[in-house]
J.: 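Mind looking over this structure? Questions follow.
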Amino acid sequence: MKQALIIGSTVADVTVRLPHLPVTGQDVIVESQSMSLGGCAYNVSEILRQSGVPYTLFSPVGTGIYGNYVREHLNRKQIPILIPTPAADNGCCYCFVEESGERTFAALHGAEYRFERQWFSLAESLSVGSVYVCGLELEEDTGGFILDYLEDHPEYTVYFAPGPRISFIPQSSLRRMFSLSPILHLNREEALEYTGITGSPENKKPWKKADLPCREGRLEACLREAASRLTAFTRNHVIITLGAHGAFHMEPSGKHALIPGCPARQVDATGAGDSHMGAVIACRMKGFPMDKAIRTANRISAAVVEHAGAGLDDEDFLRLNA
């Protein structure tokens, strides 16, 4: 089996738990604070590691207090750092988790998001079949080096998660990425925002169970239209995650399905999307059809939101897949 190259950031997640996000000028008492390894690429790679598929985490680790934290904890987990240490500090990600389990991010970008062209020569000796890329790295002015590497390897299966800042990625970079025919993974808000399907106030409201079985309901029609526009760009699978309600999947042919989620008590939604993407990649590398891969990913991401933090402990993952 060829391995997956996971391109992106590993950061120190500073998680702040509080009753609710404050409004301007308000004083809110923090319930707790903790720090752990995180970052989109790291979160994805953890699911691949736990799934037993080969991968390489291709992530810069800079200097400073956050870089030292990341390096120390990667070494403890015996995860190799392939890229030489950049002469710049790592940033961090502040994860504000409310009582509802919903999370809001504030990221301090550092060396972990910026790539250098020569680093990709280090990946040439690897037997790569699949590549994961996050949108945050493409937002940086060094994102072109990632695209150069992918364009030099059209044989790779590319998985792309643009993330909530999809509208901040330069359109020229998105066009280059879409021309690589990536498997696209994004959530409902990201899909509707980028494709411009935000006209109905109903799209801003939480999903209702009654909406989901209706094949011609307004919400599902919006998802179908958004996915159709996205597949026109990428000519590949599009996966739109819907939280507790599962995921909407459209094949390149236009065939689509709403794949139901799993019941979960939301404690912390941090990393749920990354874990979902990691599970899809791992299952596809094992030869699963896409619908089975998404069902498995729905189950894993549901388990993730029931735990504090961005992923699952190895023991919890093993129990989940026993």
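The chain is numbered in sequence order, starting from 1.
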J.: Quick one: does Gln3's side chain have a donor or acceptor within less than 3.5 Å of a partner on Val53's backbone?
T.: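 Looks like no, no N/O pair under 3.5 Å.
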J.: The test is side-chain contact (heavy atoms from CB on, under 4.5 Å); show your working for Arg117 and Tyr149 and say whether it passes.
T.: CA-CA 8 Å; Arg117 186 187 302 275; Tyr149 171 72; over 6 Å; no
J.: What heavy-atom pair brings Gly311 and Ser275 nearest, and what distance separates the two atoms?
T.: CA-OG, 4.4 Å
J.: Let me confirm one number: the CZ-CD1 distance from Phe248 to Ile294, rounded to the nearest 0.5 Å.
T.: 10.5 Å
J.: Using atom types as modelled and distance alone, determine if a side-chain donor or acceptor of Ser181 lies under 3.5 Å from a backbone N or O of Thr234.
T.: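 Such a contact is found between Ser181 side chain and Thr234 backbone.
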J.: Could you grab the distance from atom CG of Leu184 to atom OG1 of Thr231, nearest 0.5 Å is fine?
T.: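 Separation between the atoms: 10.0 Å.
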J.: Please say yes or no: joined through hydrophobic side-chain contacts below 4.5 Å, possibly via intermediate residues, are Ile146 and Met177 part of one cluster?
T.: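 In one cluster: yes.
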J.: Give a yes or no answer on whether the side chain of Asn187 reaches the backbone of Leu242 with a donor-acceptor pair at less than 3.5 Å.
T.: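 Absent.
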J.: Any side-chain heavy-atom pair from Arg284 and Ser130 closer than 4.5 angstrom?
T.: no
J.: Give the intermediate values and the outcome of side-chain contact (heavy atoms from CB on, under 4.5 Å) for residues Leu21 and Glu98.
T.: CA-CA 7 Å; Leu21 289 178; Glu98 301 174 75; 3.8 Å; yes
J.: Establish, for the pair Arg165 and Phe168, whether the NZ or CZ atom is under 6.0 angstrom from the six-membered ring centre and no further than 45 degrees off its axis.
T.: yes
J.: Is it true that the side chains of His276 and His185 contain a donor and an acceptor less than 3.5 Å apart?
T.: yes
J.: Could Arg17 and Glu31 be called an ion pair, given the rule that one side-chain N must be under 4.0 Å from one carboxylate O?
T.: no
J.: Arg299 side chain to Leu320 main-chain N or O, any donor-acceptor pair under 3.5 Å?
T.: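 Answer holds: yes.
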J.: Could you go through the salt bridge (Lys or Arg N to Asp or Glu O under 4.0 Å) check for Glu72 and Lys77 one step at a time?
T.: CA-CA 9 Å; Glu72 176 187 349; Lys77 295 175 74 71; over 6 Å; no
J.: Answer with yes or no whether the hydrophobic clustering places Val158 together with Ile240; edges join I, L, V, M, F, W, Y residues whose side-chain heavy atoms lie under 4.5 Å apart.
T.: yes
J.: Ignoring hydrogens and geometry beyond distance, is a side-chain donor-acceptor pair present between His153 and Glu124 at under 3.5 Å?
T.: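 Yes, side-chain donor-acceptor contact under 3.5 Å.
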J.: Does Val267 reach the side chain of Arg265, with side-chain heavy atoms less than 4.5 Å apart?
T.: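 Yes, at least one pair of side-chain atoms sits under 4.5 Å.
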J.: Tell me which one of Ile183, Leu223, Leu186 satisfies side chain to side chain contact (heavy atoms under 4.5 Å, CB included) with Val238.
T.: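 For Val238, the side chain to side chain contact (heavy atoms under 4.5 Å, CB included) check succeeds only for Leu186.
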J.: Hey, is the main chain of Met35 close enough, under 3.5 Å, to the side chain of Asp13 for a donor-acceptor pair?
T.: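 No, because the side chain of Asp13 does not come within donor-acceptor range (under 3.5 Å) of the backbone of Met35.
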J.: Testing the basics here: between Glu112 and Gly91, what is the closest heavy-atom pair and its distance to 0.1 Å?
T.: OE1-N, 2.8 Å
J.: Considering only heavy atoms from C-beta outward, does the side chain of Cys93 approach that of Cys95 to under 4.5 Å?
T.: yes
J.: Look up atom CZ in Phe160 and atom CG in Leu174, then write down how far apart they are to the nearest 0.5 Å.
T.: 5.5 Å
J.: Are any of the side-chain heavy atoms of Ser173 and Leu147 separated by less than 4.5 Å?
T.: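 With C-beta onward as the side chain, the pair touches.
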J.: Quick check: closest heavy atoms across Tyr132 and Ala41, and the distance to 0.1 Å?
T.: CE2-CA, 3.9 Å
J.: Heavy-atom count check: over 12 atoms from other residues, nucleotides or ligands less than 6.0 Å from Lys292 NZ?
T.: no
J.: Any non-hydrogen side-chain atom of Phe58 less than 4.5 Å from a side-chain atom of Val133?
T.: no
J.: Indicate whether the side chain of Thr63 and that of Asp89 have a donor and an acceptor atom separated by less than 3.5 Å.
T.: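 Yes - a donor-acceptor pair under 3.5 Å links their side chains.
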J.: Hey, could you give me the NE2/CZ distance between His20 and Phe96, rounded to the nearest 0.5 Å?
T.: 13.5 Å
J.: Do Gln50 side-chain atoms and Leu318 backbone N/O form a donor-acceptor pair below 3.5 Å?
T.: no
J.: Identify whether Val280 and Leu230 are in the same connected component of the hydrophobic contact network (ILVMFWY, side-chain heavy atoms under 4.5 Å).
T.: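 No.
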J.: What is the minimum heavy-atom distance between Val11 and Val70, and which atoms define it?
T.: C-CG2, 3.7 Å
J.: Going by distance alone, is a donor N or O of one side chain under 3.5 Å from an acceptor N or O of the other, for Asp268 and Thr270?
T.: yes
J.: Determine whether Asn298 and Ile259 make a side-chain contact, defined as any pair of heavy atoms from C-beta on separated by less than 4.5 Å.
T.: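 In contact.
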J.: Nearest 0.5 Å, what's the CG-OH distance between Leu57 and Tyr42?
T.: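 The CG atom of Leu57 sits 9.0 Å away from the OH atom of Tyr42.
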J.: Return the minimal non-hydrogen interatomic distance between Arg295 and Pro260, and the atom names on each side.
T.: NH1-CD, 3.9 Å
J.: Closer than 3.5 angstrom, by distance alone: can the side chain of Thr142 be matched with the main-chain N or O of Phe115 as a donor-acceptor pair?
T.: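 Present.
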J.: Before we go on, tell me: are the rings of His237 and His249 under 6.0 Å apart, centre to centre?
T.: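 Yes; His249 has its ring centre under 6.0 Å from that of His237.
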J.: Membership question, hydrophobic clusters at under 4.5 Å side-chain separation (ILVMFWY): are Trp119 and Phe145 in the same one?
T.: yes
J.: Look only at the side chain of Arg224 and the backbone of His256, and say whether a donor-acceptor pair between them is shorter than 3.5 Å.
T.: no
J.: Answer yes or no: is there a donor N or O on one side and an acceptor on the other, between the side chain of Arg71 and the main chain of Gly62, under 3.5 Å?
T.: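 Yes.
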J.: Do Leu37 and Ile47 share a hydrophobic cluster, counting only Ile, Leu, Val, Met, Phe, Trp and Tyr and linking them when any side-chain heavy atoms are less than 4.5 Å apart?
T.: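 No, because Leu37 and Ile47 fall into different hydrophobic clusters, even though each may have its own neighbours under 4.5 Å.
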J.: Between Arg319 and Glu315, does at least one N-O distance fall below 4.0 Å, as a salt bridge requires?
T.: no
J.: About how many Å separate CG of Asp291 and CD of Glu251, when rounded to the nearest 0.5 Å?
T.: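 That separation rounds to 8.0 Å.
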J.: So which atom in Val61 and which in Gly67 form the shortest heavy-atom distance, rounded to 0.1 Å?
T.: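 Heavy atoms only, the tightest pair is CG1-O, 3.5 Å.
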J.: Counting distance only, does the side-chain N/O of Glu193 pair as donor-acceptor with the main-chain N or O of Glu190 below 3.5 Å?
T.: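 No, Glu193 side chain to Glu190 backbone: no donor-acceptor pair under 3.5 Å.
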J.: Could you point out which residue of Arg114, Glu139, Glu140 forms a side-chain hydrogen bond (donor to acceptor under 3.5 Å, both in side chains) with His109?
T.: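 Answer to the side-chain hydrogen bond (donor to acceptor under 3.5 Å, both in side chains) test with His109 among Arg114, Glu139, Glu140: Glu140.
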J.: Is there a side-chain contact between Thr56 and Ile6 in this structure, where contact means two heavy atoms from C-beta onward sitting under 4.5 Å apart?
T.: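 Of all side-chain heavy-atom pairs linking Ile6 with Thr56, none is under 4.5 Å.
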J.: Go through it in stages, so that I can follow the logic: the residues are Ile239 and Met277, the test is side-chain contact (heavy atoms from CB on, under 4.5 Å), and I'd like the CA-CA distance, side-chain angles, deciding distance and then a yes or no.
T.: CA-CA 9 Å; Ile239 302 166; Met277 173 62 121; over 6 Å; no
J.: Check whether any side-chain heavy atom of Arg229 lies under 4.5 Å from a side-chain heavy atom of Ile197, and answer yes or no.
T.: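 SC-SC contact between Arg229 and Ile197 confirmed.
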J.: Check the pair Glu151, Asp148 against side-chain contact (heavy atoms from CB on, under 4.5 Å), reporting the backbone distance first and the verdict last.
T.: CA-CA 5 Å; Glu151 288 167 350; Asp148 291 342; 4.1 Å; yes
